[in-house]
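Notes for the one structure printed next.
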Amino acid sequence: MIEKILAYILACCNNSEFEQTTVALISENLKISRSQVSVVLNKLVKENKLIRIESKPFCFISVEYLKEKSIPFKDSVYCQIRKRRILKN
């Protein structure tokens, strides 16, 4: 399940579909319960495999994607993303 969620988020990022990486949409598209998706996403943020964008609703971005695109980041939680920059509160 973890690899499936990571692959889904990476695909969304590669297609610039960041708004598709919310808990609700991941749950709906992958047919996994929202609570399970939420637990996995929080775990992946703690493991530095994803970063969380605290928009409403939260979305998630693959660290692998950021590294591939040479987009600088150093924290695991940000307030928003804008044209190749991730903005901290």
Exercise. Hey, is the main chain of I9 close enough, under 3.5 Å, to the side chain of S62 for a donor-acceptor pair?
Worked result: no
Exercise. In chain order, what residues pass the salt bridge (Lys or Arg N to Asp or Glu O under 4.0 Å) check against K43, with sequence neighbours excluded?
Worked result: E47
For this session: Look up atom SG in C12 and atom CG in N14, then write down how far apart they are to the nearest 0.5 Å.
Result: 9.5 Å
Problem set entry | Single-linkage hydrophobic cluster M1~V45, side-chain heavy atoms < 4.5 angstrom | yes
Exercise. For the hydrophobic clusters of this structure (ILVMFWY residues joined by side-chain heavy atoms under 4.5 Å, transitively), does one cluster hold both Y65 and I53?
Worked result: yes
Exercise. Excluding sequence neighbours, so at least two apart, what forms side chain to side chain contact (heavy atoms under 4.5 Å, CB included) with N29?
Worked result: Y8, Q20, L25
Problem set entry | All pairs passing salt bridge (charged side-chain N to carboxylate O under 4.0 Å, His left out) where residues 15-29 contributes a residue, at least two apart | none
Exercise. Say you draw a straight line from CD of E64 to NZ of K69; how long is it, rounded to the nearest 0.5 Å?
Worked result: 11.5 Å
Exercise. Are I61 and L66 close enough, and set up right, to give a side-chain contact (heavy atoms from CB on, under 4.5 Å), and what steps lead you there?
Worked result: CA-CA 8 Å; I61 298 179; L66 295 172; 3.9 Å; yes
Problem set entry | Exercise: identify the closest heavy-atom pair between S27 and V37 | CA-CG2, 3.9 Å
Problem set entry | Within-4.5 Å side-chain heavy-atom neighbours: I32 and I26 | no
For this session: Determine whether V23 and V39 fall in the same hydrophobic cluster, where Ile, Leu, Val, Met, Phe, Trp and Tyr are linked whenever their side-chain heavy atoms lie under 4.5 Å apart.
Result: no
For this session: Go through the steps for T22 and F58 under the test side-chain contact (heavy atoms from CB on, under 4.5 Å), then give the verdict.
Result: CA-CA 6 Å; T22 66; F58 289 176; over 6 Å; no
For this session: Keeping to residues at least two apart or across chains, list the side-chain hydrogen bond (donor to acceptor under 3.5 Å, both in side chains) pairs with something in residues 30-39.
Result: S33-S35, S33-Q36
Exercise. Closest heavy-atom contact between F60 and C13?
Worked result: O-SG, 4.4 Å
For this session: List in chain and number order the residues that pass side chain to side chain contact (heavy atoms under 4.5 Å, CB included) with V63, two or more places apart in sequence or in another chain; answer none if no residue qualifies.
Result: I51, K67, F73
Exercise. Should L10 and L6 be counted in the same cluster of Ile, Leu, Val, Met, Phe, Trp and Tyr side chains packed under 4.5 Å apart?
Worked result: no
